Amino acid sequence: MNNYLIVAGIIFCIGALGVLMRKNLIIVFMSLELMFNAANLGFVAVSNRLNLISGDIFVIFVMVVAAAEAAVALGIIVAFYREKGTIDMDKANELKN
Amino acid sequence: MDFKTSITWLIPLFPFAGWLLWGLFGRYLKGFSGYLASAFIGISFILSVILFFIVAYSHGFTDTLYPWVHAGTLKVGVSAVIDRLSVIMLVMVTGVSTLVHIYSIGYMQDDKGFSRYFSFLNLFVFSMIMLVISNNVLLLYVFWEAVGFCSYILIGFWYEKKSASDAGKKAFIVNRVGDFGFATGIFLLFMTTKTLNYEKIFAMVPTMPTLTVTVIALLLFAGAVGKSAQFPLHVWLPDAMEGPTPVSALIHAATMVTAGVYMIVRFHVLFSYSPTASEVVLIVGTFTAFFAAFIALTQYDIKRIVAYSTVSQLGYMFMAVGIGSYTAGMFHLISHAIFKGLLFLTAGSVMHGLSGELDLRKMGGLYSKMKTTAITFIVGGLALSGIPPFSGFFSKDAILADVYNKGYYFAWAVGEITALMTAFYIFRLIFLAFFAESKVDKGLHVHESPKIMTIPMIIMAVLASTIGFLGIPPLNHSVFYKFLHVDFLNAKDFAPIVNNMPWYVLSSISVAAGLIGIYIAYLLYIKKAIDPEKIKNMFKPVYELSYNKVYIDEIYDFLIVKPMLVFFGFLWKIVDIKIIDGAVNGVAGAFGNFSVKARKIQNGMLMSYILTLSIGVAAVLFYYFIR
Amino acid sequence: MAFFMKYILTILIFFPTVAVLILLPINKKNEGLLRNLATLLSLLEFIASYYLFIYFRPDTYKFQFVEKFNWIPSFGASYFLGIDGISLFLILLTTLLTFVSLLSSYRYIKDHVKEFVILMLLLETFMLGTFAALDILLFYVFWEFMLLPMYFIIGMWGTGKRIYSAVKFFLYTLAGSLIMLFGLIYIFIIHYQQTGNFTFNLIRLYNTSIPVNLQILLFIALFLGFAIKVPIFPFHTWLPDAHTEAPTAGSVILAGVLLKFGIYGFFRFAIPLLPNAAQILAPYIVVIGVIGILYGAFVSIVQKDLKRLVAFSSVSHMGFIMVGLFAFTAISINGAVYQLLNHGVDTGALFLFVGMIYERMHTRQIKDLGGIAKKAPILTVLFLTSVLASVGLPGLNGFIGEFLILIGSFRSYPVLTIIGTSGIIFAAVYLLWMFQRVMFQDPHDQTAPYNHHLESFDDMNLREIITVLPLIILMFLMGFYPDPFLDRIGPSVLHFLTMLNHHKIIYNAIKIKTGLSNA
Amino acid sequence: MHNIMPAIYGLNSLEKSMLSIIPEAVIILFAFIVLFITFFEKIAKSKNSYYLSLIGIAFSILYVVMLSGRNLTGFYGSVVFNGYDVFLFIAILLSGFLTVLVSKDYIENFDVPYPEYYSIILFGISAMMFLVSSNNLIMVFISLEFMSICAYILTGYIRGNTRSTEAALKYLILGTFASAFLIFGSVFIYAAVGHLNLNSIHTYLENISYVKHGSDLILNGISEYLSIGLLLFMIGLAFKMSLFPFHAWTPDAYDGAPTPITSFMATGIKIAAFAVFLRIYLLIYNYNVINFNDILWVLAVLSMTFGNIAAILSTNIKRLLAYSSIAQAGYILIGIIGGGFYGYSGTLFYLFAYIFMTAGAFAVVIIFENSDIASLDIKKYSGVGYKYPFISAAMAFFMLSLAGIPVTSGFMGKFYVFSAAVKSGYYWLVFIALLNSAFAAYYYIKVIVKMYMPDKEDSNVSCIAAEGKNYGIVNGNISEGIMLAIIICLFFTLIMGVYPQIFINFANYSAASLASL
Amino acid sequence: MEALFYFFAFIAIFSALMVISMKNPLTSALYLVLCFFALAGFYVLLYMQFIAVMQILVYAGAIMVLVVLVIMLLNISKLDSVKTDFHQKIIGIVIAVVLFAEIVIYTVGGKTRKPTGEITHKLINKIGNTQVIGKFLFTKYTLSFEIASILLFVAIIGAYLFAKKKL
């Protein structure tokens, strides 16, 4: 049982590492998706272990949210690209201090 | 209020009213205010005389006008004590004041501050009267300071002159130094006795520990040192001569400066229970007498010479009270008031005649041109030198005799030497001013003063030559002694008479000293038997010392004033601005610096924001680990 | 009339606010009307406040003219007003000085007149409220809001580094107040823990018993708040800046009323709420007070700016008052309270004169002044009077206060008092020296260029004379006849000491000192 | 099969469920109505959407008021509606109302579609309300995300404005990152307790046996997962509450977003986040071995200190307010830490007070942005106090309220939460908070200084130089809406400072329902 | 089962690592799809075929297609060589490692609650997990479901607002 959670944890951390290290917004976004998926895995595993179904339901909502977020995020990335001509995270530096 | 209390309160009322009237409406009264002021004081004088006789033929009394300060256990009223001591002072103060007022009408005639002058002169008289009659220490202290204030105002009367306003300020501040001691004495007195009323205090003195009494007495004496210009606080008096001359006569010779002596006499119970304190009084008095006379020897400013002689004569008075001879002290106080007042008035007359010239080196031969002035001046000089039958002879002799008879030989010797020096310097002045060949500017029209000035001078000269007879028969048998001694019965006889040298022996010595002094002056300045310059060169260092007033002012300046100013500057520039304010601004600045740092976290880089967030996550999770 | 007497405190407090509402619709161009109306209304307020004096009963220590309504029941806060002998005079002083400073500003305040008079009147409301509040929360609300109008007055009409000064004044005192608030909340909570109900009622909070160690901490918290307001050395540095840069009216109010709040806070709040701590810490505070006396005096001596000199003299005077208050003897506290009033009158007057000189000479640097005495005799005499009152010349008010403080404190702290007494020498030094340089000094002196404004220096006009006259009269009245004042202060002071003595831990130690035992 | 299924709703129970979400439903309804306006090109540009939104919010408030006093649970315990919700619904709706009011002036300066804008605001409001009333983790998660997505869209709403887009981008990346932690945390909570419903979790934790472990009480077996889950969950919420160090998005997003939206974020989102945190805190966090107050303590101190210190040198008014909102979050947290009925009531009171002072300040900022000042730079505010007396006075008042000067709601709120914390023995926390408020006053009064005490050298950059010339508002007049918003804010800020008792009663009522859960 | 678990675990972790380390976003995307498939495998192992299918449909199908579309649309096969801040990278790695360590330590150390639920995988298999999920989704979680729909709707509006060049 813990194995699943450990795998979930590892994937979550890899996702976090990706967010931390990468500057390409698309890759960062994909890393975020990884993190969400890690949580999904955890939910399904726990739900299975506890003989419950609510975790699985949660997963469905996470997916919905992920989809919605993907739409908005990609929209913003596109808009950003249109304005700056790049999807480098560091170019978002107009607002500071 | 019966008759005598009404009179008591009327005496200060007149000058008080005068102050307000001339102060507020002086500009409408013009020259008239001088006459009115003199009249007011004159009335006070007459009332004082009446009161004198009332007291002389019945007994003293106390009266409270209204309750004044009432806080906690401290209850003080505006109240008066009328006994023989205070009536004598009253008569003296109002009498001399009346004469000086009249004199001033002439002297200040053309001054544009005429009304202001009389206003403050009246205020001074009021304060002095209140000082004399006050029945508790607080009231005494109030008017003690008030006379100081009037002195400040009147010294700085011609404020446009920097030296005048400086002198006024100096007088006030030096007096404050003395008052600081005086105030502390009052605090201690109140702490020990829980009252400020004279009678209650005096009733408790015998039960108090000697040390306490000594400390209190010495602290009070500090006030007297300031007010009566004794060493080391004498520095203000010579400078005070920047004021109008009648002011010098009234305040800096006759009345205010004697307040210190009066105070000690008033507190005789306290002082007599502390031989140590009395001894200090004696030492300070003796030293000052000599010291001031020494400085007076070489001065050229006539008013300053007379001023130093005042300091010196006050020293004599302190000698007297220091050995418990309160009547002798008071006697000298009265006679000194008259002859010194006279000297100042005449000096003023000289100035008047010479259009304000004060330097001896620019005078000479005035006798022929202003006879009245000269003669009255000589009367004063003789009285000062202690030549019989002038008053100074009787009063000074009474002191010196007591000093000798009570066994203070050294003090006596110093007193005699001082007497010699006194005679010398005052006659040096007389000879140089009136008899030596004239060095007056040719263009100056030298003239005798108007009647309004000379008449008070003549009256005073007459008094100076006659008042001494109150002092016969000599010593403890005199009229004066018998009259006043009643008030001193409570005093402890701490310095009993140990010798019984006949009075005439001692008197002869004194007179001899005086005559020798006069003779030396005669030799030097009239006969020119000895060249003064030669002597000057012979004793160059001593001469310089005397001429520069023993450098006391310079020493004060160097040791106290300058270091203090540097220290204060340090406090302000370094401690206040750099350290305290610096700390405050430093804190503010530190926040500014933090802000710069904090804003670096917010550098606009998404990467670093993610990093911050992750660090937060790691830290929060770590908390669980170390919990 | 009955209504008036019943709610007199509320009416007095909020009358200026009503006055503000009256002034609001007036066009700001109409400066004359605004000025005159505001001054008139403040005069009315002063006259109305005189009723307090008339109907005040001097024979009791109890709070009078009490009004009490629920305000925030959840916190136990109420609208609770009342005055005793001390707040009575402080209220009178406030109404008087507001009138005086409004009258004094006719010449100085030239722009934004409307804002100025409104702020002054608002300030008056809050000052009065602070003095009358007997509910801690209410007190605090008034106390802290009071900073604002003052802050605006300094910042908007000040001179030189006015913004720096205003901000410093605001932040410094605010920091103190907030630390004080901490202490007050703590006491409030302790009372809740002991009795189970919330209350901010001061009289009930007096009965809270707090462990001594905690008391000391809390006292330090309250001390910081009040000490900064007083201000006591070394928390004084906001004062010279604020005073120096503020407009005359601001300086007058600042010195005359605002500085009183610190002492008032000690008297009303810090000491009775934390009596044991107060007694334990008193010696240290007296030491600080004495340092303040001397420090203020010393630094005043070397000041070059006229206003700054007067400001530092306040530090010195406040030192005296602190010594008097913390000596805990009936006499010294009477003196301290009396001196509080005196300081308001004297320093207020000094600032008025300084302001008049500044208006005419356009400089405050002492070396650039001089020769004024010749031009303006009335100014000279009146200025001298207030200088002397400040010096503590007998016959004027300053003396009585100082003397009572010193003679009272001497019992408790002889050595310190003697050191403090030397302050009276230095007071004479700095004030007289200042006076001499400003009024007498030869204007053609070589040390500074000739100030051409001296040519057109005119003597005080009628308005200015009326402005200072009440203060001058008070100086003499309070010097010659202090009884009506001391009579009313006395019972409150005695009650204050009795309260202190009820706390028995150090009862015996201080019993002898206070002089109550043989009163 | 039937034994594992939830009971079928009766008609009554469905009615009750519907009743419990009526205020949200009304808002959503109006959101759709507003959105439909888009279809009609002609009226799309007009003010209809603006008025419709206002009406919708007003209706919703009406329903909340009508429903107040009821204690409803709906949708199998997914949502609850009780006094707590009444309070917060009104707070959120007012915040939304103010946002809509101030939006019109601002949004008309840009070439963007209006109906969508208002409709998304309405959706956001409904999301917040769902968040507040949600009673299981799924609801919490989904409404939180709903709210966030609305916020992302609104933040980047000004198309073609690089600042706006950048703000949205930063907000989105960071927000999603934080959400990931939140959801990963819920995995662990779920693993530990096996429930998603907050009440069930609460009941479970209440009945579980505690084991003595050293000096700690340890929940039987599940403490590790529960703790880590709660910690991660808290991070997600702390992000929305913008507590240091999860604050990083705040200044940038606030700065770049359209100003009305900044106001919306600063008030609505913050309140909703605090509300849900408070609920979960009370139900779950209280029952764990970790003393969460220790962490919150540190977060509160760091937030206020960072917020205040960073704000000191800010010259951009929106950033300044953003930093200030971080600091304010720290103050609000003190109420939660202080705890107890008193503390929760204080927190709610403060939240309520906070809406009006912040929204008011932003409203003034919008006016200034639209006027001849046309800048967010505080330096440009030099001397506006004389030019716009009323608005400037209002601004000064809001600043003072934020600084916590008496006679304002800010003081009462601070006083309330601080005394609650003192009551619970958090002396140092309160002490630090008070010191913080002391130096925080600096930057609040800095604004006032600029407005009323212009420097001489400032005069060339400020409008005061042009005093005398008849400068008007550049982009049309100040509309009644924004003035109304300012007046509402002023009114509440003043009344809550002078006579707060009614609001305290309201907060008490609300806290009582919260505590009775 | 064990073997399958480790197989999927290996693929999932490996592909996840590749996602974050590939230079080309397109490659990353493909690895992400791989990762999703591995996760779907996990779900199957956990008797949640419905979720597995959803995973493929929603993530691999919808979201990833969207991502790839965007990549293509923006024509950014490679990021311009951006200088990465070295010490930021170090700190990033350190933090990630710490996070990783913490999460793994806690995960290993913790225990779940004892299974008390009734919906065992046998039951699910008996009824069919689509039906179970559906029953719950439309009863107990109706409201969430409805909100999710609105959420998607708003997200569509948002995406449309952002992505459209000109309205």
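As the structure is a prediction and not an experimental result, all values here were calculated from the model.
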Students often mix this up, so state it plainly: with edges at 30° and 60°, are the rings of A:Phe12 and D:Phe184 parallel, tilted or perpendicular? parallel
Honestly, the part of D:Phe141 sitting under 4.5 Å from a heavy atom of chain A is side chain
The interface call for A:Ser31 against chain D, heavy-atom contacts under 4.5 Å, is neither
| message | Could you go through D:Val187 and A:Asn40, starting from their C-alpha distance and side-chain angles, then the distance that decides it, and tell me whether this counts as side chain to side chain contact (heavy atoms under 4.5 Å, CB included)? | response | CA-CA 8 Å; D:Val187 172; A:Asn40 282 355; over 6 Å; no
Applying a strict 4.5 Å limit to non-hydrogen atoms, the region of D:Arg319 in contact with chain A is side chain
Distance col, row D:Asp252:CG vs A:Glu94:CD, nearest 0.5 angstrom, shows 10.5 Å
- Query: Quick one: are D:Ile183 and A:Val65 in side-chain contact, heavy atoms under 4.5 Å?
  - Reply: no
Applying a strict 4.5 Å limit to non-hydrogen atoms, the region of A:Ala8 in contact with chain D is both
Whatever's closer than 4.5 Å to a heavy atom in chain A on D:Ala253 counts as neither
### Task
Answer whether the closest heavy-atom distance between the side chains of D:Phe177 and A:Val28 falls below 4.5 Å.
no
Rounding to 0.5 Å, atoms OG (D:Ser179) and CD (A:Glu69) come to a distance of 6.0 Å
Applying a strict 4.5 Å limit to non-hydrogen atoms, the region of A:Val64 in contact with chain D is neither
Honestly, the part of D:Asn316 sitting under 4.5 Å from a heavy atom of chain A is neither
Rounding to 0.5 Å, atoms CD1 (A:Ile76) and OH (D:Tyr152) come to a distance of 8.5 Å
The interface call for A:Leu50 against chain D, heavy-atom contacts under 4.5 Å, is side chain
Whatever's closer than 4.5 Å to a heavy atom in chain A on D:Leu196 counts as side chain
Note: vs chain D, highest number of non-hydrogen pairs under 4.5 angstrom among A:Phe58, A:Phe36, A:Phe61, A:Phe29 is A:Phe58
Okay, D:Ser148 and chain A: the region with an atom under 4.5 Å from a heavy atom over there is neither
Okay, D:Leu313 and chain A: the region with an atom under 4.5 Å from a heavy atom over there is neither
For this session: Count the heavy atoms belonging to other residues, nucleotides or ligands that lie under 6.0 Å from OH of D:Tyr442, then report whether that count exceeds 12.
Result: no
request  = Indicate whether the side chain of D:Thr162 and that of A:Glu83 have a donor and an acceptor atom separated by less than 3.5 Å.
outcome  = no
From the list D:Asn136, D:Asp255, D:Asn197, D:Thr176, the residue making the most non-hydrogen contacts under 4.5 Å with chain A is D:Thr176
- Task: Report the C-alpha distance between A:Leu5 and D:Tyr225 in whole Å, list the side-chain angles of each, state the deciding distance to 0.1 Å, and finish with yes or no for side chain to side chain contact (heavy atoms under 4.5 Å, CB included).
- Result: CA-CA 11 Å; A:Leu5 280 180; D:Tyr225 275 175; 3.3 Å; yes
Okay, D:Phe146 and chain A: the region with an atom under 4.5 Å from a heavy atom over there is neither
Checked A:Gly55, A:Ala66, A:Ala68, A:Gly15 vs chain D; the most non-hydrogen pairs under 4.5 Å come from A:Gly55
Do side-chain atoms of D:Lys170 reach the backbone of A:Leu95 as a donor and acceptor pair under 3.5 angstrom? yes
Under 4.5 Å to a heavy atom of chain D? For A:Ala71 that would be neither
Given D:Pro251, D:Gly185, D:Gly175, D:Ser186, the one with more heavy-atom pairs under 4.5 angstrom with chain A than any other is D:Ser186
Of the listed D:Asn161, D:Thr165, D:Thr315, the one with the largest count of heavy-atom pairs under 4.5 Å with chain A is D:Thr165
The interface call for D:Leu172 against chain A, heavy-atom contacts under 4.5 Å, is side chain
